Amino acid sequence: FAVQPPSQPSTFGAIAGVLGNLAFPLLIIGGLAFLQRRSGGMGGGMNPLDLGKSKSKIQMEPQTGVTFDDVAGCDGSKFELTEVVEFLKNPSKYSAL
């Protein structure tokens, strides 16, 4: 039984291990700081959390070219709209089968 004492880790290996454990968090913090500086700071610009938000505007009156006079004579549409209004006023009539 040749028992040998465990080898002592070198100081270079210990320093490399500590630097390796600190590299990833420092990289993430640096990346976030870069994104914030690039967006113009806290006062304005693009927030990294706003990437999915739409910047579209709501068009209140769409220009479809169809007027009420074009569809005013449709009796089927009038009947369907009457049914929708009746459902909104009395939904229990339509939910009971």
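A quick note: this is a predicted structure, and the numbers were derived from the prediction, not measured. Below, all heavy atoms of this structure are taken into account, side chains as well, without hydrogens, waters or symmetry copies.
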Subject >> Transitive ILVMFWY side-chain link Ile29 to Leu22, under 4.5 Å >> reply: no
**OP:** Kindly write out the residues that satisfy side-chain contact (heavy atoms from CB on, under 4.5 Å) with Ile28, not counting sequence neighbours, or none if the list is empty.
**Re:** Phe24, Leu32
Original post:
What pairs with Asn21 under side chain to side chain donor-acceptor pair (under 3.5 Å), at least two apart in sequence or on another chain?
Top reply: none
Subject >> Heavy-atom pair with the smallest gap, counting every atom of Tyr94 and Glu86 >> reply: OH-CD, 3.5 Å
Original post:
Looking at OG of Ser92 and CZ of Phe87, how far apart are the two atoms once the value is rounded to the nearest 0.5 Å?
Top reply: 9.5 Å
Subject >> Contacts of Glu80 that satisfy side-chain contact (heavy atoms from CB on, under 4.5 Å) - sequence neighbours left out >> reply: none
